[in-house]
Engineer: 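Sharing a structure with you now.
Please read these numbers as outputs of a predicted model, since none were measured by experiment. Order of the sequence lines sets the chain letters (A, B, ...), proteins ahead of strands, with each chain counted from 1.
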There are 2 protein chains.
Amino acid sequence: MASEAIENYLKAIYSLSRESPTGEAGMKSIATMTGVTVGTASTMVKRMAAAKLVKYERFGGVRLTAKGDRAAIDVQRRHRLIETFLVQTLKLDWSIVHAEAERLEHAVSSAVLEALAIHLHHPCVDPHGDPIPDADGKTHVGRGAALATFAPGSRVRVARIADQRPAFLSFVAEHGLRPGAKAVVAATGSAAQSITVQATGCAAVTMAIAAAESIICETA
Amino acid sequence: MASEAIENYLKAIYSLSRESPTGEAGMKSIATMTGVTVGTASTMVKRMAAAKLVKYERFGGVRLTAKGDRAAIDVQRRHRLIETFLVQTLKLDWSIVHAEAERLEHAVSSAVLEALAIHLHHPCVDPHGDPIPDADGKTHVGRGAALATFAPGSRVRVARIADQRPAFLSFVAEHGLRPGAKAVVAATGSAAQSITVQATGCAAVTMAIAAAESIICETA
DNA sequence: CCACAAAGTTTGACGGTTCAAACTTACAAG
DNA sequence: CTTGTAAGTTTGAACCGTCAAACTTTGTGG
Ligand SMILES: [Mn+2]
Ligand SMILES: [Mn+2]
Ligand SMILES: [Mn+2]
Ligand SMILES: [Mn+2]
């Protein structure tokens, strides 16, 4: 249906509007996220509007239509199932699978995708802890809060890592903080803007609050 | 490196020149195989010549350079490993995997490809019996002859099916003639242009000589 | 209220891939 | 030879996705 480029815009608009209070995405952020100039994003969004994938008016925010939303979720399902496959079946390192999935997500047919889902026993989260929508586009997942928000002494379970950069993912894994791991918040240095956390079986590690914002946890 | 379109031309030129006595491919056949008009093929071949992937002169045949040959073999390795994966790991029907691989072959990185090769234990033939080049582009495979060339009474082993059309592949599988199967040539009707063959454990089937040209066998 | 910065839009251009249609070349059959 | 046909080439146009650069709008701080 949608071209590879359009699918990438869809994902960007989807995730940007998800975390914007207005529920709309701005051209600047769409452009940044897709790695394109603002002029290009503007041009493409207009084209997507013509295809009824988004609604927007000049100088206003961009919002996915029901059709665009569904299409975005489909791409997300493909992306996350592929990541899961690359880690579980092919044993690739979780720090690099995001980039690989970024290309493959546009090449898998629904036949291959469903075979993949069966092969993996219909997983509901990907290697980073992100929820995998089911074939109908529905996602059932419990939330969580940034590690940064937990008080010293809290026992937590890592649920999700919200930063796909390989270096960050390697760092996180290095200290035992993969999704599913249990950890305890050892200390928070408010002046130092830091937090110290220890995963079970690992040495304690101190990181910036900003970094801890990307580690989503639940109370264990 | 090469675009998706160029990779498809490379494969077409590779296989066409392989089975041409001159070792060269004609524009018409390149166009037909890639599903494009001959004008387009002409344009693209000129561009490929500029990229040193092929050598040719106006109104002459097209031939891959060493670089083009290597690139074509790489695509072929990707295609065939992917087909093998789709059949073996994902349990997709061998009659449809060619079409799926046709898209995926352009999206797998070498990291994914090698992980795939390891996962499949470095297979050397794909589900259709076609040889899979190794990572260095080398292919080690024994030949065979068309089923059509065997005399009545011959005991053969099916080595390869040289026709990717789903209907033909389903027909072949239906009668037990997958690669690896043993069969005996029951009769040849030269007047009827037909051949009757029986795979072990299956009923005999009669098909046109033309069809039997696509079933490559070895003496069993 | 105004000026200015930030965000957004438009335009003209380019590379890639494709088509249709007009044209040219090569070649084989008479 | 001549000539008809099959093969190949060229050209002009289109669409996609992109950029740079000129331009417009919005909204905020002074
Ligand atoms: Mn992508
Ligand atoms: Mn992920
Ligand atoms: Mn292909
Ligand atoms: Mn094959």
Side-chain angles (χ1 to χ4, degrees), chain A residues 1-13 16-17 19-64 68 71-72 75 102-103 105-107, chain B residues 1-13 16-17 19-64 68 71-72 75 102-103 105-107:
Chain A
M1 180 91 248
S3 69
E4 173 158 346
I6 297 286
E7 289 191 337
N8 288 332
Y9 288 102
L10 284 170
K11 279 203 313 182
I13 295 167
L16 286 169
S17 37
E19 57 207 41
S20 122
T22 67
E24 291 181 336
M27 281 303 165
K28 184 76 185 312
S29 10
I30 295 172
T32 303
M33 184 162 296
T34 53
V36 108
T37 63
V38 187
T40 300
S42 190
T43 302
M44 292 299 281
V45 164
K46 201 173 354 157
R47 201 175 298 179
M48 290 169 76
K52 301 262 194 261
L53 292 168
V54 301
K55 247 194 75 194
Y56 96 118
E57 47 211 31
R58 273 176 37 122
F59 299 102
V62 182
R63 187 188 296 273
L64 292 174
V75 183
E102 204 55 58
R103 267 168 301 114
E105 66 190 359
H106 312 290
Chain B
M1 183 89 250
S3 70
E4 173 156 348
I6 297 286
E7 288 192 338
N8 287 332
Y9 289 102
L10 283 170
K11 278 203 312 185
I13 296 167
L16 287 169
S17 36
E19 59 207 41
S20 124
T22 67
E24 290 180 336
M27 282 301 165
K28 184 76 187 312
S29 11
I30 295 172
T32 303
M33 184 162 298
T34 54
V36 109
T37 63
V38 37
T40 299
S42 189
T43 302
M44 292 299 280
V45 164
K46 200 169 359 152
R47 199 174 301 180
M48 291 169 77
K52 302 259 192 263
L53 291 169
V54 303
K55 247 193 78 195
Y56 95 118
E57 48 211 31
R58 276 176 34 121
F59 298 100
V62 181
R63 186 189 296 274
L64 292 174
V75 183
E102 204 56 56
R103 268 168 300 114
E105 66 189 357
H106 312 290

Engineer: Roughly how many Å is it from CG in A/Asn8 to P in D/dT18, rounded to a whole number?
Structural biologist: 8 Å
Engineer: Given D/dT18, D/dT9, C/dT18, which nucleotide is nearest the side-chain atoms of B/Ala5?
Structural biologist: C/dT18
Engineer: Give B/Val38 one of three labels, base, sugar-phosphate or nothing, depending on what nucleic acid heavy atoms sit under 4.0 Å from its own.
Structural biologist: base
Engineer: Below the 4.0 Å mark, does C/dT18 have OP1 or OP2 next to a side-chain nitrogen or oxygen of B/Thr40?
Structural biologist: no
Engineer: What is the distance, rounded to the nearest whole Å, between atom CD1 of A/Ile6 and atom P of D/dC15?
Structural biologist: 15 Å
Engineer: Just how far, in rounded Å, is P of D/dT11 from CE of B/Met44?
Structural biologist: 18 Å
Engineer: Between C/dT9, D/dC19, C/dT18, which one does the side chain of A/Met27 approach most closely?
Structural biologist: C/dT9
Engineer: Strictly below 4.0 Å: does B/Arg58 bring a side-chain N or O up to OP1 or OP2 of D/dT10?
Structural biologist: yes
Engineer: Please report the distance, rounded to the nearest Å, between NZ in B/Lys28 and C1' in D/dG8.
Structural biologist: 11 Å
Engineer: How close or far is atom C1' of D/dC15 from atom CZ of A/Arg47, stated in whole angstroms?
Structural biologist: 8 Å
Engineer: Under a 4.0 Å N-O cut-off, is there an ion pair linking B/Glu105 with B/Lys11?
Structural biologist: yes
Engineer: Which residue is it: B/Val38, B/Val36, B/Ile13? I am looking for the one with a side-chain contact (heavy atoms from CB on, under 4.5 Å) to B/Ile30.
Structural biologist: B/Ile13
Engineer: Are the side chain of A/Ser20 and the backbone N or O of A/Leu16 linked by a donor-acceptor pair below 3.5 Å?
Structural biologist: no
Engineer: Would you say the side-chain atoms of B/Thr43 pair up with the backbone N or O of B/Gly39, donor to acceptor, closer than 3.5 Å?
Structural biologist: yes
Engineer: Rounding to a whole Å, what distance do you find between B/His106:NE2 and C/dG16:P?
Structural biologist: 18 Å
Engineer: Tell me which nucleotide among D/dT10, C/dC19, D/dT18 gets nearest to the side chain of A/Val36.
Structural biologist: D/dT18
Engineer: Whole angstrom is fine here: how far is it from NZ in A/Lys46 over to P in C/dA7?
Structural biologist: 20 Å
Engineer: Rounding to an integer number of Å, can you tell me how far A/Glu24 CD sits from C/dG8 C1'?
Structural biologist: 14 Å
Engineer: Looking only at side-chain N and O atoms, does A/Thr37 come under 4.0 Å of OP1 or OP2 in D/dC19?
Structural biologist: yes
Engineer: Under 4.0 Å between a side-chain N or O of B/Tyr9 and OP1 or OP2 of C/dG16?
Structural biologist: no
Engineer: Would you name the heavy atoms of A/Thr40 and A/Tyr9 that are closest together and state the gap between them?
Structural biologist: CG2-OH, 3.5 Å
Engineer: Among the candidates C/dT24, D/dT10, C/dT17, find the nucleotide nearest to the side-chain atoms of B/Phe59.
Structural biologist: C/dT24
Engineer: Verify the contact: side-chain N or O of A/Ser3 to OP1 or OP2 of D/dG17, cut-off strictly under 4.0 Å; return yes or no.
Structural biologist: yes
